[in-house]
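Given the structure is predicted, the values throughout are model-derived calculations rather than measurements. Each chain gets a letter, A, B and so on, in the order the sequences are listed, and its residues count up from 1.
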2 protein chains.
Amino acid sequence: MGKNTHETKPAIALKDLAECGQCTCFNLRKASRIVTQYFDDSMRSIGLRGTQFTLLANAFAYSPITVTRMSEIMIVDRTTLGRNLLPMEKSGLIKVESGDDRRTRIVKITDVGKRKLTEAYPLWKETQENIKQKMGLENWGSMISNISNLVDCMQES
Amino acid sequence: MGKNTHETKPAIALKDLAECGQCTCFNLRKASRIVTQYFDDSMRSIGLRGTQFTLLANAFAYSPITVTRMSEIMIVDRTTLGRNLLPMEKSGLIKVESGDDRRTRIVKITDVGKRKLTEAYPLWKETQENIKQKMGLENWGSMISNISNLVDCMQES
DNA sequence: CTTAGTTAGGAGTATATACACCTATTGTAT
DNA sequence: ATACAATAGGTGTATATACTCCTAACTAAG
């Protein structure tokens, strides 16, 4: 395995590597991780995660609703939503029943779920305001608007 | 179970529900899902995911590096990174060895990994440019800048 | 040198995510 | 009425994510 006369080309150039630091996917995921942990922390005392708060709020808003319809609204994979609902059903926050169309499964928020949502809302609100305050209202608004725009752009195609 | 004289208070008011649609966590995660799927699609032909491309690019940039140091750079939980490296080690893109400090595990990119990165880079580049183009360069730049700002803000506290 | 504290990492557990494949049910064309 | 297409959902599998608890190894205090 002596040194070849033809140099091995580097995998990618240094400038390309720097570019990869701007990856839309990486940066969005990184921000998601940090913000998810922040919301998770704020609701840990009442046994809810940030994602579950969102699920509960949507269940409340649209209850009763089919799994697939809810997945379309939240822009999440149908099977993902189905699985995410399981721990919430186990803890009694929602219930899932068969609909008249017996293929469908109908998601309904329970009284326990409504109470939990009432309990969670002030925590969510405080956390949300904290983030706005940390970022500055203008920056935050710009970010949310940019993100919404991104989601719209990607949905079109 | 007759109707009570005191009405049951609703879990949260309608205006509060609308507010929840602006949840920083929900919106970031939603965008992450869509963008992750877009990058995953673009690299499926070569058997890489968007997250794995990022991992590979960082392994290349910092190789050799300990797991914990790499997790600090990427701002991801140490145990998460450790687990994410497993499938990449299995497919031979990286190798993980003990360091001189025998507590540490050293991550190194392999030649196979370098070749895969060279293969993946144009796909990544195209996908990244597609998103910029869909959003408009100015909006995209603003978003990335806002997201970086968010990450910085959340790190400080 | 020994002991106590610190650090690096793994294992167990639980949730979040989505793709491929499957079944059951409904709707539709003939 | 039947056959076929379309729809709703579940299961298997795999990765992504992080928290808690654990062990091994290094380091510093005495």
Can you pull out every side chain to side chain donor-acceptor pair (under 3.5 Å) where at least one residue sits in residues 53-71 of chain B? Sequence neighbours excluded, please. Arg69(B)-Glu72(B)
Mind checking salt bridge (Lys or Arg N to Asp or Glu O under 4.0 Å) for Lys30(A) and listing every partner two or more places apart, or none if nothing turns up? none
Can you list the steps and then say if Phe39(B) with Phe53(B) is a side-chain contact (heavy atoms from CB on, under 4.5 Å)? CA-CA 9 Å; Phe39(B) 275 93; Phe53(B) 172 80; over 6 Å; no
Rounded to whole Å, CE of Met43(B) lies from P of dA18(C) at a distance of 18 Å
Base, sugar-phosphate alone, or nothing: which one does Thr36(A) contact when heavy atoms must sit under 4.0 Å apart? nothing
If I take atom CE in residue Met70(A) and atom P in nucleotide dA8(D), what distance separates them, rounded to the nearest angstrom? 16 Å
Show me, pair by pair, the donor-acceptor contacts under 3.5 angstrom made by side chains of residues 73-84 of chain A, not counting sequence neighbours?
| from | atom 1 | to | atom 2 | distance (Å) |
| --- | --- | --- | --- | --- |
| Asp77(A) | OD2 | Thr79(A) | N | 2.9 |
| Asp77(A) | OD2 | Thr79(A) | OG1 | 2.5 |

Residues passing the ring pair (Phe, Tyr, Trp, His ring centres under 6.0 Å) test with Phe26(B), sequence neighbours excluded, are none
Hey, could you give me each pair passing salt bridge (Lys or Arg N to Asp or Glu O under 4.0 Å) that has a residue in residues 88-103 of chain B? Not counting sequence neighbours. Lys95(B)-Glu97(B), Glu97(B)-Lys108(B), Asp101(B)-Arg103(B)
Would you please name every residue forming a side-chain hydrogen bond (donor to acceptor under 3.5 Å, both in side chains) with Asp41(B), sequence neighbours left out? Arg44(B)
Taking only residues at least two apart or on different chains, which pairs with a member in residues 47-58 of chain A satisfy salt bridge (Lys or Arg N to Asp or Glu O under 4.0 Å)? none
Here the distance between atom P of dG9(C) and atom CD of Glu89(B), to the nearest Å, is 13 Å
May I ask you to verify if any side-chain N or O of Thr68(A) is less than 4.0 angstrom from the OP1 or OP2 atom of dG9(D)? yes
Find the bend of the helix from dC1(C)-dG30(D) to dT30(C)-dA1(D) as the angle between its two terminal axes (five pairs each), to the nearest 10°. 10°
Glu138(B): salt bridge (Lys or Arg N to Asp or Glu O under 4.0 Å) partners, not counting sequence neighbours: none
Can you give one letter per nucleotide of nucleotides 15-21 of chain D, 5' to 3': B if a protein heavy atom sits under 4.0 Å from the base, S if only from the sugar-phosphate, - if neither? SSBBBB-
Would you jot down, in residue-number order, the residues of residues 92-103 of chain B having a non-hydrogen atom under 4.0 Å from DNA chain C? Arg103(B)
Who are the salt bridge (Lys or Arg N to Asp or Glu O under 4.0 Å) partners of Glu19(A), not counting sequence neighbours? Lys125(B)
Atom-pair distance (NZ on Lys30(B); P on dT17(C)), nearest Å: 12 Å
When you check the side-chain N and O atoms of Gln128(A) and Thr24(B), is any donor under 3.5 Å from an acceptor? yes
